[in-house]
There are 2 protein chains.
Amino acid sequence: MLQQGAVRDRIVERFDAMSPQLQAAARYILEHSQEVALVSMRELARNAGVQPATMTRLAKFLGLAGFEDIRVHFSDALRLRADGFAARAIERDNAGTEAGSGLAHRMLQSLSGQIARLSEPESLARLQAVADRLAAARRVYVLGLRSCHSVAWHFHYVMTLLGDKSVHLDGPAGTGVDGLLRAGDQDVLLVISISPYALQTLEIARLAREKKIGIVAITDSEVSPLIGISEASILCATESQTFFHTLTPALAVSEVLCGLLANRDRQASLDALQRADQHLASLNIYTNTIPPRRI
Amino acid sequence: MLQQGAVRDRIVERFDAMSPQLQAAARYILEHSQEVALVSMRELARNAGVQPATMTRLAKFLGLAGFEDIRVHFSDALRLRADGFAARAIERDNAGTEAGSGLAHRMLQSLSGQIARLSEPESLARLQAVADRLAAARRVYVLGLRSCHSVAWHFHYVMTLLGDKSVHLDGPAGTGVDGLLRAGDQDVLLVISISPYALQTLEIARLAREKKIGIVAITDSEVSPLIGISEASILCATESQTFFHTLTPALAVSEVLCGLLANRDRQASLDALQRADQHLASLNIYTNTIPPRRI
DNA sequence: CTCGATATGAAACAAGTGTTGCAAATCCTG
DNA sequence: CAGGATTTGCAACACTTGTTTCATATCGAG
């Protein structure tokens, strides 16, 4: 196994000074690290052929308060490996410091981890599937209300620079939905919604489904109400150490989708962007010191 | 997380038929699978905001004898995952080296790194400075046009849930700027702009400065035109492997600011959120539970 | 050997575990 | 809006947990 941190090292280091029973316990722990976190101490002792008390004695011998300290250590290591990332461990490190001042650090570390986890194979496959569906569509309608407006709008904004496929279902005086009037089965609706799910979003999505419009979703859970009605979907984390949910991973997903779509026909994308640049330049939208952008 | 086997599927499958409390428990388990094996049921229930009995009831609802059955299942899954960790790490590295289809992977890794880099001490200090300035303000005006609209709006949206300090300088027919009419030197303008910088944003910011309104900025560079006119600022990366700039780090910054502000008076924030919840509930904005499918 | 110290096993302990039964609250439905 | 069925919170339950205590066993030095 990989390094499990300080406790493991300490066991190895002090192994020679242990009594036979302590060594038996220590050896079992070293060779079955995961079990430490997954079964009770008594069962661990039984499997190691050792008295329960020996496990406690081992902990004290290592300078710890009790066996619980050992378990915490191995739990964290296991969580870390299962996550494939260090977000939680960092969180714990800072837990000792002031609750307030470390918040920013904890939030950023956690966000970084949540986005990194999106690059696991399954997520990538789902991203690709959604991108494929969007690429095949004649027109893409984008729906995201309340907190998800930011993501919906950003996706729509970028897509607008790339062409005229995108229609944003939002607008003053609640007229946004009218966009679906002329939508049909060659079109796709991209729905973005996280818990708590806005009722209106679901209603519009169901309406779209009845009209045979394809539906893809960015949402937060396998049990999101959107899962049942979409052909493809991407799940992203929304948990945060604050009182509200985070939309940063969802925005990242949105940007990746834009990237995948633009990447399908790089030349066409470049041309479209150049035309957009000219348009905006002639309207004097931006400060003239425009740094050229290309890849 | 990835496939955890039968129990997980069964939870998803029967989710719609569950009572609200069961759903809450189920949702927490789905989103924190590892914890099931690593902490006691009572603690799990506490973290899920649910009665201990609800966990037992969930198990029975799924046709299992008791919660212990659930735990066994997730323990096994976790053991398996931890074992396969090394293999997955290799797989992940390989995925990164692929050129074409690896775009999504590269983008996500890069975003993750850009956000992690925001947690360096200097960035944290700047975040804190901006948060302090915002907290001291009587009113916070939020300005972000074009691509930055998403970030501006999201910040404003969250702040609206926390109180009425925030005013979004945007609106139909270009009337958004009118909000600055009554702004004064006790107020602060939060400007968000990245290259290329929208001319209108700079004009409004300069106007605000003439009116002695405090200015803080989220922008992308030390040489951004916003740096010269703001009292405090936060820099975030915008580089991306696509044709466009990324706003994900900027959104992360915005969320951290919201978190820091809400954290200053946690009780007041909680009260405000609760009031917002009640308001939205009475308007029936959200699905309170997943409605059982009619017909 | 014998003595002192250390190591081990077994039993007792409080604390916390998962579960259950019951009453209050909530929700439908007629 | 009453009545019946669900759903929910609460408290008690028997049981297991990790720890501690103490008596016994083991060892090494004289």
Side-chain angles (χ1 to χ4, degrees), chain A residues 7 11 14-29 32-33 35-76 199 223, chain B residues 7 11 14-29 32 35-76 277-278 281-282 284 286-295:
Chain A
V7 169
I11 293 179
R14 303 227 46 206
F15 189 82
D16 290 336
M18 295 179 193
S19 75
Q21 288 296 303
L22 285 187
Q23 286 194 349
R27 165 163 265 128
Y28 185 86
I29 288 182
H32 302 82
S33 303
E35 301 304 307
V36 176
L38 292 174
V39 308
S40 78
M41 189 214 74
R42 280 178 123 104
E43 191 173 338
L44 198 73
R46 211 173 309 133
N47 295 338
V50 152
Q51 288 271 343
T54 305
M55 289 294 175
T56 300
R57 286 168 183 149
L58 176 63
K60 309 233 153 164
F61 182 82
L62 297 174
L64 305 173
F67 185 81
E68 214 54 47
D69 284 17
I70 293 186
R71 187 207 293 293
V72 168
H73 236 87
F74 282 86
S75 285
D76 285 353
L199 217 49
V223 291
Chain B
V7 170
I11 293 179
R14 303 229 44 208
F15 188 83
D16 289 337
M18 294 178 192
S19 75
Q21 288 296 304
L22 286 187
Q23 287 194 346
R27 178 178 283 266
Y28 185 86
I29 288 182
H32 303 82
E35 301 304 306
V36 176
L38 293 174
V39 308
S40 76
M41 188 214 75
R42 279 179 123 103
E43 192 173 337
L44 198 74
R46 214 172 304 133
N47 294 337
V50 153
Q51 290 269 344
T54 304
M55 289 293 175
T56 300
R57 286 166 183 154
L58 176 64
K60 309 235 152 161
F61 182 85
L62 296 174
L64 305 174
F67 185 81
E68 215 53 47
D69 284 16
I70 293 187
R71 186 205 297 291
V72 168
H73 224 91
F74 283 89
S75 285
D76 290 350
D277 274 353
Q278 281 167 10
S282 69
N284 221 17
Y286 294 124
T287 55
N288 35 359
T289 90
I290 313 305
R293 187 163 291 205
R294 43 183 186 186
I295 304 174

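Throughout, protein chains are lettered first and strands after them, A, B, ... in sequence-line order, and every chain is numbered starting at 1. Values in this document were obtained by computation on a predicted structure and should not be read as measured data.
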What is the distance, to the nearest angstrom, from the [atom1] atom on [X] to the [atom2] atom on [N]?
X: B:Met41; N: D:dT16; atom1: CE; atom2: P; answer: 16 Å
X: B:Leu44; N: C:dT17; atom1: CG; atom2: P; answer: 11 Å
X: A:Glu68; N: D:dT20; atom1: CD; atom2: P; answer: 12 Å
X: A:Arg46; N: D:dT17; atom1: CZ; atom2: P; answer: 7 Å
X: B:Leu58; N: C:dG18; atom1: CG; atom2: C1'; answer: 14 Å
X: A:Glu43; N: C:dT17; atom1: CD; atom2: C1'; answer: 15 Å
X: A:Met18; N: C:dT8; atom1: CE; atom2: C1'; answer: 16 Å
X: B:Asp69; N: C:dT19; atom1: CG; atom2: C1'; answer: 13 Å

Check your understanding: With a non-hydrogen cut-off below 4.0 angstrom, is B:Gln21 in contact with a base, only sugar-phosphate, or nothing?
Key -> sugar-phosphate

Review point. Does B:Arg57 get its side chain close enough to the base of C:dG18, under 3.5 Å, for a donor-acceptor pair?
Key: no

Check your understanding: Does C:dT19 have OP1 or OP2 sitting under 4.0 Å from an N or O in the side chain of B:Thr56?
Key -> yes

Review point. OP1, OP2 of D:dT20 versus side-chain N and O of A:Lys60: anything below 4.0 Å?
Key: yes

Check your understanding: Where each residue is assigned the nucleotide of DNA chain C containing its nearest heavy atom, which of A:Gln51 and A:Arg42 is assigned the position nearer the 5′ end?
Key -> A:Gln51

Review point. Among B:Ile70, B:Thr56, B:Leu58, whose side-chain contact (heavy atoms from CB on, under 4.5 Å) with B:Leu64 holds?
Key: B:Ile70

Taking the minimum atom-to-atom distance to the side chain of [X], which one of [options] wins?
X: B:Arg71; options: C:dT17, C:dT19, D:dT17; value: C:dT17
X: A:Ala53; options: C:dT19, D:dT19, D:dT20; value: D:dT20
X: A:Ser19; options: C:dG18, C:dT20, C:dT8; value: C:dT8
X: A:Ser40; options: C:dA7, D:dT19, D:dG18; value: D:dG18

Please report the interatomic distance [atom1]([X]) to [atom2]([Y]), rounded to the nearest 0.5 Å.
X: B:Met41; Y: B:Arg71; atom1: CE; atom2: CZ; value: 8.5 Å
X: B:Ile29; Y: B:Arg27; atom1: CD1; atom2: CZ; value: 13.0 Å
X: B:Ile11; Y: B:Met18; atom1: CD1; atom2: CE; value: 6.0 Å

Review point. Charged N to carboxylate O under 4.0 angstrom, A:Arg46 versus A:Glu43?
Key: no

